[in-house]
Amino acid sequence: MLFMAGSYDFASIEHKWQSRWERESLYRAPNQSEKPKYYALVMLPYPSGDLHVGHAKNYTIGDAVARMRRMLGYNVLNPMGWDAFGLPAENAAIANGADPAAWTTENILKMRRQLRSLGTSYDWSREVATCEPEFYRWNQWLFLRLYDAGLAYKREAPVNWCPHDQTVLANEQVVDGRCWRCEHLVQRRNLSQWFLRITDYADRLLDDLDGLSGWPERTRAMQRNWIGRSEGATFAFAIDGLDAEVDVFTTRLDTIFGVTFLAIAAEHPVVSSLGRIVSAEHAAQIAAFAESLQSKSELERTSLMEKRGIFTGAYAIHPLSRERIPIWVTSYVLAEYGTGAVMGVPAHDERDFEFARKYALPVVTVVVPPNMPPDELPHEPYIEDGRLIASESFSDMSSERARNAIAAHLAALGRGKTSVNYKLRDWLISRQRYWGTPIPIIYCSACGEVPVPDDELPVLLPPGVRLRGEGSPLASVPEFIETTCPKCGGPARRESDTMDTFFESSWYYLRYLDPHNDRLPWSAERAAQWMNVDQYIGGAEHTVLHLLYSRFFYKFFHDRGWVSGSAEPFENLFHQGLVLHDGEKMSKSRGNVVGIDETAEKTGVDAMRLFALYVTPPEETSDWTDEGITGRVRLLNRIWRACEPFFERQHDSGARGLPRPKTAAEKTLLRAVHVAAKSAIDETLSRRFHYNATIAKLDELVNLITESSGTADSPVAAYAVWALPILVAPFAPHIAEELWERFGHTTSVHLEPYLRPDDRALAVDETTLVVQVNGRVRARIVVAPGIGEEEAFALALEEANVRSHLDGKEVRKRIYVPAKLLNIVV
RNA sequence: GGGGAAGUGGCGGAAUGGCAGACGCAGCCGCCUCAAAAGCGGCCGAGGCAACUCAUGUGGGUUCGACUCCCACCUUCCCCA
């Protein structure tokens, strides 16, 4: 949009105030303050290089909240930093030889400038970048504390391997069987990897969700789902002819007499022992079958491909019936889930049924619907609870009773016990990549696995490593790998894996509190001052990954006494909606990205902020349109024109208190000022953040000011104009500041208290009473707000339309909502 | 298959048991102007000359009164299998 007559010069105003705010450190958050603290946090960005208007929406919401809280009298901490390790930098290095550190630094510089250009009120003195040694040193330090506590360990395990990124992925990073980042199909590999024992915290992570009333219900539901706690029983099958047992977990112990096969994972440890008791032919078939599954992902095995299996030739002994049960190796049982083996009950489990049908295994029904005649057996698996049959002494019991009775019986025999299983698995943090935090462990042939001593941290990433996109980059750097053992001084090798970047994002919000501490990642004192995060804002895509890991870390910190108060880091959580353009997600490949630099140039940043907040409620997906933003440009221009007559003269009508309206129009105008203020405050305190409604109130207010422009001498009009910069300051901070200065103020409008709604201004002199007959609106009468029921009824009866609908009928009932509604039931 | 969220004019949306469609976009008419832009004013769910009637995905229910609460269904999106 061109610079037009009647519009203000947003470009110079926005530049002017951004640099002045920064020079004066206007948004610095002191650690000590008499005001109550408020920690407003927006998820830190990955420095990918360019911000678009989708980012602008996210940061504008967070910034509006921070600015509102500041004007409501809080000492607000509103920090920003960079999630700076990770694959894009490394992939850029592989693609065009860029140095990941230089690439990242360049992107940070650009994005920091862009974030500033949005008029955000961050305390930049607390900025952190996770790729800096001063930061990742504490990553390593925290890893070692987890290691000391037995929560970090290395083991061989089948893992998710992304062939494109050449690295392993945590379970949570596999989406629909594909890499969450590059969307390549994930494979399975056996590798020795570092894990964090998040499963130790499974019950607390689950239970504490109940207390997170400031979180969206769906986010909590998804975390519950992910943790996947199920109660059941674990019991053992002995193997015929072998001194070994196979444990199985089940939630359906009531179906135990329906077991017709034992299904085990190809990677189950017992598989190799079976080779000793089965024929050479069977052993060869088992090996070939395991081989064929090796590269198949979990998704392929459990959902995509047809269930396959092979009879091992070996038999297990049923723990209760003592029958011989054939042992099958199957594709659909996973070694990493539960015990890696399940009892096959085709009559009462869909997957087992499908498998049994394919391989002609017997189907034995042991649970029937409560009221079913005994001779009518189902042809489909019956997976509901019911009544037991053909189950020895447990026959005729209900499923629920049988589960308890069978568990007790197995326990008495010493062959099983009730147990709890989780879908959640330990968090795999090893990555075979360069651009991440080196795991601070040394391997010595004499002393084994040795942690790097604290005083030797950080273990620095070696610069100038040539990245080719294959193998483990650090393993090929002798200067890095070759070291001496901290214990015995002998030659030793460093760990070449780096950490999953979710490690640092699980605690970065604590580093903001104490960003320059060189003895600890943060001090308990600072944590006590600032935690917990009062409002966390970020995308819903982090519901499981980042938010679950952060909660795990915080509980660990809490157990250590490093943080006090609640054991949950984020008191309130808000997920902003996506921004689409032309109905599609913005992406470079689609060529539909709306950049913030171009938008700032065309319409100004204040208009961009207003539109981001106005177009939909913030949690909804919104569509960015050039037509839509023109409405906000017009609003800003009208605000400017409304204020212009008051420039260059001392304008502090607000300081004289609430003006007295003389006319109905003045009364309406005064009320509009306070309605807008009330909306802004209500939306902030309720944490709905529906500032779209607040900005609509500002539209109404400005419409009224424009209508009353002929009466500029009115004290009420002067008051409304004085209030405008304060009211819009959190949403359009630049124009607010400029207007405030032109009114003759020498201090920032952003240091002003927000306008407190005054009941006298909000009160109305007269109101419209709706008169209904049998719930249908028949008349509207203008009345005084204090009108009583009898008086209202009398007035209603004077209305012709009301009388015609009463029409001599008997009045049975009257419902009266004072001064709002009268419903006459006949 | 299980769980969650949503469904209101041409469009984005407002209304948290009490006047459905605030506010904005688009559109139409007018004023201003030599003209245009900008600005300002008006109209803007459907039917009807009108009184009025219909209308918040569909069908039920609760209630004096339902966009709002309950039940079922349809559609869309998200998560899990």
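Computed from a predicted structure; not experimentally measured.
If M222(A) and H690(A) are placed on RNA chain B by their nearest nucleotide, the residue sitting closer to the 5' end is H690(A). Toward the 5′ end of RNA chain B lies the nearest nucleotide of E217(A), the other residue of the pair E217(A) and T616(A) mapping further downstream.
In this view, D207(A) satisfies the salt bridge (charged side-chain N to carboxylate O under 4.0 Å, His left out) rule with no residue, not counting sequence neighbours. Residues passing the side-chain contact (heavy atoms from CB on, under 4.5 Å) test with S679(A) are E683(A), T694(A), K697(A), sequence neighbours excluded.
D203(A) and R229(A) are joined by a salt bridge, as a carboxylate oxygen and a charged side-chain nitrogen come within less than 4.0 angstrom of each other. With respect to D682(A) and R687(A), no salt bridge is recorded, no charged nitrogen being found less than 4.0 Å from a carboxylate O. The pair E400(A)-R403(A) fails the salt-bridge criterion, with no side-chain N (NZ, NE, NH1 or NH2) lying under 4.0 Å from an Asp/Glu carboxylate O.
Within the structure, salt bridge (charged side-chain N to carboxylate O under 4.0 Å, His left out) contacts touching residues 612-630 of chain A (residues at least two apart or in different chains) do not occur.
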Restricting to nitrogen or oxygen on both sides, can you table the protein-nucleotides 66-69 of chain B pairs closer than 3.5 Å?
none

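A close approach under 4.0 Å does not occur between any side-chain nitrogen or oxygen of R351(A) and OP1 or OP2 of A81(B).
Comparing the same atom, P, in G13(B) and in G18(B) gives a spacing of 22 Å after rounding to whole Å.
The side chain of V615(A) lies closest to G12(B), out of G4(B), G12(B), C80(B).
For the pair R742(A) and F647(A), the distance from NZ or CZ to the six-membered ring centre is under 6.0 Å and the angle to the ring normal is within 45 degrees.
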Checklist entry - What string of B, S and - do you get for nucleotides 22-32 of chain B, 5' to 3', if B is base contact, S is sugar-phosphate-only contact and - is no contact with any protein heavy atom under 4.0 Å? => result BBSSS------
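Annotated stems with RNA chain B as a participant read B:1-7 with B:74-80, B:10-12 with B:23-25, B:27-31 with B:39-43, B:45-47 with B:52-54, B:57-61 with B:69-73, given as range with range, by first number; only runs of 3 or more Watson-Crick or G-U pairs under 3.5 Å qualify.
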